[in-house]
Amino acid sequence: MIITLEQRLTLDEIRSILYEGATLMLSDKAKDNINKSYEFLKSFSSDKVIYGINTGFGPMAQYRVEDRFLRELQYNIIRSHSTGAGEPLDDIFVKAAMIARVGTLVQAYSGIHISVVELLIEFINRGIYPKIPRHGSVGASGDLVQLAHIALTLIGEGEVHYKGEWRETAEVLKENGLEPIQIYIREGLCITNGTSMMSGIAAVNLILSQKLFNHSIIASSLVNEIASSYDDFLSHELNAAKHHEGQIFVAKKMRETLEGSQCTLNREKELYDNSHSDTTTFGHKLQPYYSLRCVPQVLGPIYDEIQNAINVVENEYASACDNPIVDYRTQNVYHGGNFHGDYISYEMDKLKIAITKMTMLAERQLNYLCHDRINGILPPFVNLGVLGLNYGVQACQFTATSTTAESQTLSMPNSIHSIPNNNDNQDIVSMGTNSAELTNMVIENAFQVLAIHFMTIIQAVDYLKIHDRLAPSTRKVYNELRAIVPVFVEDSIKYKDIENIISYLKR
């Protein structure tokens, strides 16, 4: 599959490039616009003072650079800012960042030579991933350090991850018949300046968040089947009475998921038939705990946040986010701060909180299944063996609880944290890349908790012997999970099972 980029990419298209083998190419119109921007800047900049073309960078902008050093100036920003520290970012984040950078450059507001965009696309399509250390960005002037590491490889220096090996960039370029970019006007600055690293991580986070959301719908549906919940908590009438799109959507998805279930109860048939006039105590709970009954109200805001974050990230991918803005359309160059990453930083903080709340919901549902005095239908810790001798998922719950607690701690908003730096030139910053990375940690935690939750769910289904009464949708998931983790009675090592379920959930 080939995705032709003219102006903007959707998250679905980004997913196709990242995970499904789609390749990226420029439309003829995109190429034409990039060339027009470059040609305009070449003529416009010849006798003017323009930031980062014939001045220093940041607080050094007050110093004019002599014409004979202008090419060296562009190399200097790349080399001087390749100062990242820590473990290299995963290939998937690096690829997503390069796609985001192409998305910015294709807006044709950067005045760069088209060879920059063409080489970036070659890296994306051939699986050549620059080595980008994790730490370095404060998220204003964008992701200067991380993007400098991308730029370093585009000029043929530094290291890349290629076919599973770390290698010198120059060797890999030669092997692929590719040439490093040349410096024409402002190629160094335009590659390093912008929000592409945080946007790339954010896009991956959203793709994974969509998976988590869908799994949470299934898990919540299964738990309500196990509990034989009355189904009116999902009714359209009840949920439409509260005018939130997410809540209405979640209730609808759960109704669809539970269609055909023989486990949930119909309140009208069970309780509205005038046959309980003499009943003083009901053995079955008329209303289950909030973690079961309030799923639309809990997951609904999370759905809305994911949708809002998708809109923000798609807009950022399609934004000119460097400085200055080179506008051949108005024949002018504008200086400002489009590199500032607060849009991404805010959304990642909100997404982080949303995924933590989703994790908390799963942990509480897990506790319901483990706590025999609460559920009243299952043995302690869904122990299918001998109580006292065997332990079921008792220790698995420890892991889920501690992991959820870590996500709660990580959920403090990072976007409100700013330390002035760069001689106070960058006196208020976004910390957007840190926000995106912390959000990814919370997402990984959520997969771990959901994996333990699902393991417990299928044990509960087997204890109650209700797998044949599940809805077709939930029964399918039950069968797929049982193919990964067979029913267990005796105690056994579980960390591999958890890893295997995580892999299943990510697929």
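When a residue number appears, it is its place in the shown sequence, counting from 1.
The main-chain N or O of Met412 is found under 3.5 Å from a side-chain atom of Lys352 such that the two form a donor-acceptor pair. Glu314 places a side-chain N or O within donor-acceptor distance of the main-chain N or O of Leu11, the cut-off being under 3.5 Å. When atom types are taken as modelled, the side chain of Gln107 and the backbone of Gly103 share a donor-acceptor pair closer than 3.5 angstrom. No donor-acceptor pair closer than 3.5 Å links the side chain of Thr153 to the backbone N or O of Gly156. A distance-only check finds a donor-acceptor pair linking the side chain of Asn214 to the backbone of Gln210 [under 3.5 Å].
Rounded to the nearest 0.5 angstrom, Arg186 CZ and Thr192 OG1 are separated by 8.5 Å. Atoms CD and NZ, on Glu168 and Lys131 in that order, are 9.5 Å from each other to the nearest 0.5 Å. Atom NE2 in His453 sits 8.0 Å away from atom OG in Ser216 (nearest 0.5 Å). Here OG of Ser196 is found 11.0 Å from CD of Gln146. Values are rounded to the nearest 0.5 Å. A distance of 11.0 Å separates OG in Ser435 from CD in Glu347, rounded to the nearest 0.5 Å. How far CD1 of Ile484 is from NZ of Lys496: 14.5 Å, rounded to the nearest 0.5 Å.
Among residues two or more places apart in sequence or in another chain, the side chain to side chain contact (heavy atoms under 4.5 Å, CB included) test is passed with Ser407 by Thr356, Val442, Asn445.
A cation-pi arrangement, defined by a distance under 6.0 Å to the six-membered ring centre and an angle within 45 degrees of its axis, is absent between Arg507 and Tyr19. Because its NZ or CZ atom is both nearer than 6.0 Å to the ring centre of Phe447 and within 45° of the ring axis, Lys506 counts as a cation-pi partner of that residue.
Using bins of under 30°, 30° to 60° and over 60° for the plane-to-plane angle, the ring pair Phe454/His215 lands in the perpendicular bin. Classified by interplanar angle (parallel below 30°, tilted 30° to 60°, perpendicular above 60°), the ring pair Phe213/Tyr303 is tilted.
Using a 4.0 Å cut-off between charged nitrogen and carboxylate oxygen, Arg71 and Glu187 do not count as a salt-bridge pair. Here Arg15 does not pair with Glu20 in a salt bridge; the nearest charged N to carboxylate O distance is not below 4.0 Å. The pair Lys42-Glu39 counts as a salt bridge, with a side-chain nitrogen and a carboxylate oxygen less than 4.0 angstrom apart. Using a 4.0 Å cut-off between a side-chain N of Lys or Arg and a carboxylate O of Asp or Glu, Asp32 and Lys29 do not qualify as a salt bridge. One finds no salt bridge joining Glu118 and Lys31 here, because no Lys/Arg side-chain nitrogen approaches an Asp/Glu carboxylate oxygen to under 4.0 Å. At a threshold of 4.0 Å, the pair Lys95-Asp91 does not count as salt-bridged, since none of the basic side-chain nitrogens sits closer than that to a carboxylate oxygen.
By the 6.0 Å contact criterion, NZ on Lys350 is enclosed, its count of non-hydrogen atoms from other residues, nucleotides or ligands being greater than 12. Within 6.0 Å of CD on Gln331 lie more than 12 heavy atoms contributed by other residues, nucleotides or ligands.
With Glu363 as reference, Thr404 is the one residue of Ile452, Leu450, Thr404 to meet the side-chain contact (heavy atoms from CB on, under 4.5 Å) rule.
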query: Can you check salt bridge (Lys or Arg N to Asp or Glu O under 4.0 Å) on Arg134 and Glu437, steps first, answer last?
result: CA-CA 9 Å; Arg134 179 179 168 222; Glu437 287 193 78; 2.7 Å; yes
task: Walk me through it: do Glu316 and Tyr343 pass the test side-chain hydrogen bond (donor to acceptor under 3.5 Å, both in side chains)?
output: CA-CA 8 Å; Glu316 195 71 23; Tyr343 273 103; over 6 Å; no
